[in-house]
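Residue numbers start from 1 in every chain, and the chains themselves are labelled A, B, ... in the order their sequence lines are given, proteins ahead of strands. What's counted below: heavy atoms across the whole structure, side chains too, no hydrogens, waters or symmetry copies.
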Protein chains: 2
Amino acid sequence: MRRDIFQAIADPTRRAIITLIALQAMTPNAIADNFNTTRQSVSKHLRILTECEIVKQEQQGREIYYSLQVQKMKEIDIWLEQFRKIWESRFNQLDTVLSTIKKQKK
Amino acid sequence: MRRDIFQAIADPTRRAIITLIALQAMTPNAIADNFNTTRQSVSKHLRILTECEIVKQEQQGREIYYSLQVQKMKEIDIWLEQFRKIWESRFNQLDTVLSTIKKQKK
DNA sequence: CATTTAAGAAACCATTCGGTTGCAAATATA
DNA sequence: TATATTTGCAACCGAATGGTTTCTTAAATG
């Protein structure tokens, strides 16, 4: 099964999990408490995030703490870079203005 | 069918299409020439991208030119913002160093 | 030592996804 | 006008996805 970070962040629950554990590590049960879904479902999401190395585990007794490997998020940033150059250019700002005028005329 | 930009960029072909038409508008046939897939398959991807307003159409005779609405890419950037703050912090750089040392010990 | 709790793994199911094939509509060309 | 080209749309198919249920393992608790 080929997975990458773009597929990983496609699911809204996974994005929410990422945000949730960005600042502090959490156990699957604690994470699941934040969603209207079962623990097993969250566990599956965590497995996918772990496979993509977006998340890392840390066993502590019978509990497993999951935390974000934030540097992995940079991969998205790197892909975005090519578009950032475009949207920051003056030409594109002009284009936006023109399309806004077009809309107002309609 | 609920779609958002994160689902749209999950597919590698769609990401390639986005990059391809980022700088110049192209017709479906011209786009399809760049991939090992059928025109109809590309057409489906374009429909999804259009639904998400990542791409806009411009009819010209019987041809339809597709181009990127680059400002839509900012939505990804906005989501990334929360993590950028974390990965740019000194604390996290230190964390990375520590985990690297950990790996070397193993 | 028996019970409870935390968590992963496997099996199953309905839905979605990406792709192909075939067809229809609209425009260009001879 | 007849033909070719460009494109979108609908139907279909196999694979993947997200979720639930059930089961097992391992650690904590009484």
Quick one: which protein N/O atoms are closer than 3.5 Å to N/O atoms of nucleotides 19-24 of chain D? Pair and distance per line, please.
from   : atom 1 : to      : atom 2 : distance (Å)
D/dG19 : OP2    : A/Ser41 : OG     : 3.2
D/dG19 : OP2    : A/His45 : NE2    : 2.4
D/dG19 : N7     : A/Lys44 : NZ     : 3.0
D/dG19 : O6     : A/Lys44 : NZ     : 2.4
D/dT20 : OP2    : A/Thr37 : OG1    : 3.0
D/dT20 : OP2    : A/Thr38 : N      : 3.2
D/dT20 : OP2    : A/Thr38 : OG1    : 2.7
D/dT22 : O4     : A/Gln40 : NE2    : 2.8

Extract from the structure each pairing of a protein N or O with an N or O of nucleotides 27-30 of chain C at less than 3.5 Å, listing the distance.
from   : atom 1 : to      : atom 2 : distance (Å)
C/dT27 : O3'    : B/Arg62 : N      : 3.4
C/dT27 : O2     : B/Arg62 : NH1    : 3.0

message: Walk me through whether A/Phe83 and B/Ile76 qualify under side-chain contact (heavy atoms from CB on, under 4.5 Å).
response: CA-CA 11 Å; A/Phe83 307 111; B/Ile76 306 164; over 6 Å; no
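Rounding to whole angstrom units, CG of residue B/Asp4 and P of C/dT16 are separated by 15 Å. In this entry the distance linking CD of A/Glu51 with P of D/dG18 reads 12 Å, nearest Å. D/dA16 atom P lies 21 Å from atom CZ of A/Phe6, rounded to whole Å. A straight line from CD1 of A/Ile64 to P of D/dT25 spans 16 Å, rounded to a whole angstrom. Nucleotide C/dT20 holds its P atom 13 Å from the CZ atom of B/Phe35, rounded to whole Å. Nucleotide C/dT15 holds its C1' atom 13 Å from the CZ atom of B/Arg3, rounded to whole Å. Summarising the geometry, the separation between CD1 on A/Ile9 and C1' on D/dG18 is reported as 17 Å, rounded to the nearest angstrom.
Interatomic distance, CD of B/Gln69 versus CD1 of B/Ile54, reported as 9.5 Å (0.5 Å rounding). One distance of note links CD of B/Gln82 with CG of A/Leu23; it measures 8.5 Å at 0.5 Å rounding. Between the OG atom in B/Ser67 and the CD atom in B/Gln57 there is a gap of 9.5 Å [rounded to 0.5 Å]. With rounding to the nearest 0.5 angstrom, the CG atom of A/Leu49 is 9.5 Å from the CZ atom of A/Arg3.
Side-chain proximity of B/Gln7 to C/dC17, C/dG8, D/dG18: nearest is C/dC17.
Annotation: salt bridge (Lys or Arg N to Asp or Glu O under 4.0 Å) contacts involving residues 26-35 of chain B, sequence neighbours excluded, are absent. Among residues at least two apart or in separate chains, salt bridge (Lys or Arg N to Asp or Glu O under 4.0 Å) pairs with a member in residues 65-75 of chain B are B/Glu53-B/Lys72, B/Lys72-B/Glu75. Listed by first and then second residue, the ring-ring contact (aromatic ring centres under 6.0 Å, His included) pairs involving residues 6-35 of chain A are A/Phe6-A/Trp79 (not counting sequence neighbours).
Every residue two or more places apart in sequence or in another chain that forms a side-chain contact (heavy atoms from CB on, under 4.5 Å) with A/Arg47 is listed here: A/Glu51. For B/Gln59, the side-chain contact (heavy atoms from CB on, under 4.5 Å) criterion is met by B/Ile64, not counting sequence neighbours. Applying the side-chain contact (heavy atoms from CB on, under 4.5 Å) test to A/Gln60 and every residue at least two apart in sequence or in another chain returns A/Tyr65.
A pairwise comparison of heavy atoms in A/Leu80 and B/Met73 identifies CD2-O, 3.9 Å as the closest pair.
Contact annotation: A/Ser43 does not reach the phosphate of C/dA7 (side-chain N/O to OP1 or OP2, under 4.0 Å).
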Please tabulate, for the side chains in residues 9-22 of chain B, all donor-acceptor contacts under 3.5 angstrom to protein atoms that are two or more places apart in sequence or on a different chain.
from    : atom 1 : to      : atom 2 : distance (Å)
B/Asp11 : OD2    : B/Thr13 : N      : 2.9
B/Asp11 : OD2    : B/Arg14 : N      : 3.1
B/Arg14 : NE     : B/Ala8  : O      : 2.7
B/Arg14 : NH1    : B/His45 : ND1    : 3.0
B/Arg14 : NH2    : B/Gln7  : O      : 3.4
B/Arg15 : NH1    : B/Ile9  : O      : 2.7
B/Arg15 : NH1    : B/Ala10 : O      : 3.2
B/Thr19 : OG1    : B/Arg15 : O      : 3.2

Please list, one pair per line, the donor and acceptor atoms closer than 3.5 Å that link side chains of residues 36-43 of chain A to other protein atoms, with sequence neighbours excluded.
from    : atom 1 : to      : atom 2 : distance (Å)
A/Thr37 : OG1    : A/Ser41 : OG     : 3.1
A/Thr38 : OG1    : A/Ser41 : N      : 3.3

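Using a 4.0 Å cut-off on heavy atoms, the residues of residues 14-29 of chain B that approach DNA chain D are B/Thr27, B/Pro28, B/Asn29, listed by number.
Comparing the axis of the opening five pairs of the helix from C/dC1-D/dG30 to C/dA30-D/dT1 with that of the closing five pairs yields an angle of 10°, rounded to 10°.
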